[in-house]
Amino acid sequence: MSGRQGGLKTALYILFVAVLALQPVTAAESFKPFKKLKALDGSQQSLGDVLGPKATLVVFFFPTCPYCNAAFPEVQKIYDRYRGQGLSMVWINVLPDEEKLIAPWRAQHGYTAPVLLGNRSVANDYKLRMTPTHFLLDAKGAVLSTHAGYSAGDEKSLERDIQQALGQ
Amino acid sequence: MRSLSSAIYSKPLVSRISFLAAAGLVALFSLHPGAQAPTPPSPDAKGRTLSLSTAHLTVSATVAPLQLSRGGRLVLTADVVPNAGMHLFAPGARYRVVAIKLAPNSPFKLEEPVTYPKAALYTFKPLNEQMPVYNTPFRLEARIVLDASRALVTPVRRPLPVTLKASLDYQACDERYCYLPESVPLRWTVTAAP
């Protein structure tokens, strides 16, 4: 019995090593382009339409997400501060049943960052487990950094990453 | 075409070590129950209690009785145990409140609103906001009847099997994250008198 188990372990180990060896080595991970998503003005936008000249912050959210509500006042300030310096930003809603909340929610909080209407399938495409989840991209759409959740002070590290992406 | 062994050994040693480390982590995560999507529950021997775990909680849901008399009601109870450090929103919170929901177009309906136990008050520090939550085991109870407007039409006057489809919908949070809302499917077959 133990001999069979040993053989199985060896076979699994060989398979494990083989699988590892076949994995590609990636320098900078590319952000998977999303299919065209509807914007609040009814237009359809793809990732290429929202990429900024230097950097882009993509944030997945939904309006009743508690940590989004904690983070977004700071994220909006960052948008206001750097949008004229080459930063683009887009917030992608992942819960269609909250789409109707978005317009009044933006108005209530004075948010101006562009919003696209996604769904759970989009969330699954990026393997999201929580919101907000941020992806900071370079001008070509490569992922520079990611961040999930929010704690007070997180906006400082996000801002540092953005400044670096903008070459400041 | 390169052989498998040459493909392995042509990698630099550092890369192979990186691969091993990365795949080891993947293997660990894949073995962790919290990393799994909710799996379809399986009924117990009596066909009444469904038990399953997600990354955020464990739920044991029971429907009784399984034989529904004419004009009778079913009681669905869901005993929910949040994982350590997790909380779910209770009625009164302005977020997504944990709920038992019947499937759309169900032949059943709620006889009265789902009953909730008393919740704990939780302070959400980032917004300095107090909200009612469940962070310890709790029970939800739903009284369910056949929906007369969706009456079962049958020429045979004998008990009929009817599927009760429901879900436990919730959003779970901890001290650092709020996870994406989940809908845990629940399903029973009950026998309804004609």
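Below, read A as the first sequence line, B as the second, and so on, with proteins coming before strands; counting in each chain starts at 1.
- Shortest non-hydrogen contact noted between Thr64(A) and Tyr95(B) is O-CD2, 2.8 Å.
- Counted within 6.0 Å of CD on Gln130(B), heavy atoms from surrounding residues, nucleotides or ligands total more than 12; the atom is thus considered enclosed.
- Proximity to chain B (any heavy atom under 4.5 Å) is shown, for Asn124(A), by neither the backbone nor the side chain.
- If you chain together hydrophobic residues whose side chains sit under 4.5 Å apart, Val190(B) and Leu50(B) fall into the same group.
- In the hydrophobic clustering of this structure, Val184(B) groups with Phe138(B); members are Ile, Leu, Val, Met, Phe, Trp, Tyr whose side-chain heavy atoms approach within less than 4.5 Å, directly or through other members.
- In this structure, chain A has a heavy atom under 4.5 Å from the side chain of Cys173(B), while its backbone stays farther away.
- Here the side chains of Leu95(A) and Gln171(B) are not in contact, with every heavy-atom distance at 4.5 Å or above.
- The two atoms that bring Tyr67(A) and Pro126(B) nearest to each other are CE2-CG, 3.9 Å, heavy atoms only.
- Note: Thr131(A) leads Leu128(A), Thr131(A), Thr133(A) in heavy-atom pairs under 4.5 Å with chain B.
- Looking at Ala148(A), both its backbone and its side chain come within 4.5 Å of chain B, counting heavy atoms on both sides.
- Ile78(A) and Val50(A) fall into different hydrophobic clusters, defined by Ile, Leu, Val, Met, Phe, Trp and Tyr side-chain heavy atoms under 4.5 Å apart, directly or through other members.
- Heavy atoms of other residues, nucleotides or ligands lying less than 6.0 angstrom from CG of Asn128(B) number 12 at most.
- No side-chain heavy atom of Tyr177(B) sits under 4.5 Å from any side-chain heavy atom of Arg129(A).
- Residue Ala71(A): no heavy atom, backbone or side chain, is found under 4.5 Å from chain B.
- Leu40(A) and Trp91(A) fall within the same hydrophobic cluster, where Ile, Leu, Val, Met, Phe, Trp and Tyr residues are linked whenever their side-chain heavy atoms come under 4.5 Å apart, directly or through other members.
- Looking at every heavy atom in both residues, Leu180(B) comes nearest to Phe62(A) through CD2-CE2, 4.3 Å.
- If you chain together hydrophobic residues whose side chains sit under 4.5 Å apart, Val58(A) and Val115(A) never meet in one group.
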